[in-house]
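Working notes, structure below.
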Amino acid sequence: MEQLLRAELRTRTLRAFGSSGAGCISEGYAYDTDTGPVFVKVNRRTQARQMFEGEMASLEALRSTGLVRVPKPMKVIDLPGGGAVFVMEHLKMRSLSSQASKLGDQMAELHLYNQKLREKAKARESTVNEWQDDWPTFFTQHRLQAQLDLIEKDYADRETRELWSRLQVKIPDLFSGIEIVPALLHGDLWSGNVAEDDQGPIIYDPASFYGHSEFELAIALMFGGFPRSFFTAYHRKIPKAPGFDKRLLLYQLFNYLNHWNHFGREYRSPSLGMMRKLLR
């Protein structure tokens with residue numbers, strides 16, 4: 001792999017430093033090169049290029065706003081034996097702590113970015129083309145139902161099927177009376193994907209899409225690691241809308257279902273527990 005990296009990055013220097021690591025999905029390596037340090041993610045699965053190209057597009061979209069700091073993506077490279085590597089800027093990061101409030105402020109600005117663009121467009125145009133997408137329908141069909149289809153295929157879980165048949169008809173009521181302007185989301189904002197350095201907060205490993213800003217907070221609240229100052233700063237700019245707490249359960253349900261599909265039956269119980277809470 002190192003010979004391939006030298007050729008693709010056009011560097012004579014390629015010196016590994018630090019310790020290699022394996023995340024839930026990919027391996028990670030750090031190298032010094034002629035132009036500076038890089039971080040290399042390696043995945044040998046057949047769909048690795050598609051996955052890394054999605055991550056690269058996510059990082060580019062987040063960087064383009066100028067509102068949040070992410071590692072600069074560089075290149076996706078196919079591995080000869082199958083799979084791919086993703087090369088990006090290496091940042092010397094530490095756990096998020098003193099910069100949590102600043103990150104909360106930045107994430108709120110990111111989620112308001114499209115809304116501000118729309119307001120500028122309204123001021124410029126006499127005829128406004130507004131977003132027409134139905135978020136509750138999209139989220140139900142293309143997020144929740146997609147996860148449940150995988151669970152049905154792999155487990156044929158009768159209780160899950162019965163709870164879902166009762167829950168899905170109640171979902172539109174959770175969005176009654178609120179306006180949703182699609183926001184650019186990080187998409188996987190748990191504590192393992194945020195950090196800081198001396199310059200400020202950093203977010204990485206995104207799975208970006210356009211959706212409801214509240215979706216972003218669900219996983220941040222599920223597994224800990226975010227100081228209270230993050231949420232205080234965030235809600236100072238984006239206050240909780242009516243029904244926030246119940247919708248948060250719905251968004252956390254997606255994450256539990258997704259974990260069930262990725263990591264196995266240990267997530268069955270919290271998934272069903274969340275569905276029962278939503279039905280109360």
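FYI, the numbering just counts along the sequence from 1.
Rounding to the nearest 0.5 Å places OG1 of T33 at 10.0 Å from CG of L5. Between I219 atom CD1 and H259 atom NE2 the span is 5.0 Å, to the nearest 0.5 Å.
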Item checked: Step-by-step ring pair (Phe, Tyr, Trp, His ring centres under 6.0 Å) determination, Y204 to F39 -> CA-CA 12 Å; Y204 54 98; F39 182 70; 8.4 Å; no

Next item on the list: Check the pair R69, E89 against salt bridge (Lys or Arg N to Asp or Glu O under 4.0 Å), reporting the backbone distance first and the verdict last.
Entry: CA-CA 12 Å; R69 188 158 165 244; E89 174 188 16; 5.4 Å; no

Next item on the list: List the steps and the verdict of salt bridge (Lys or Arg N to Asp or Glu O under 4.0 Å) for K41 and E55.
Entry: CA-CA 11 Å; K41 293 177 75 171; E55 183 177 346; 3.0 Å; yes

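F139 does not carry R247 over the face of its six-membered ring by the limits of under 6.0 Å from the centre and within 45° of the normal.
Taking the six-membered ring for Trp and the full ring otherwise, the centers of H235 and F244 sit less than 6.0 Å from each other.
Salt-bridge annotation for D105 and K237: present, with a side-chain N of the basic residue lying under 4.0 Å from a carboxylate O of the acidic one. Looking at R265 and D154, no side-chain N of the basic residue comes within less than 4.0 Å of a carboxylate O on the acidic one, giving no salt bridge.
Defined by atom type and a distance below 3.5 Å, a donor-acceptor pair is missing between the side-chain atoms of Q168 and T140. For the 3.5 Å distance criterion, the side chains of Y234 and H111 qualify, holding a donor opposite an acceptor.
In the hydrophobic clustering of this structure, F254 groups with W190; members are Ile, Leu, Val, Met, Phe, Trp, Tyr whose side-chain heavy atoms approach within less than 4.5 Å, directly or through other members.
When K92, R94, Q99 are each tested for a side-chain hydrogen bond (donor to acceptor under 3.5 Å, both in side chains) with D198, only one passes: R94.
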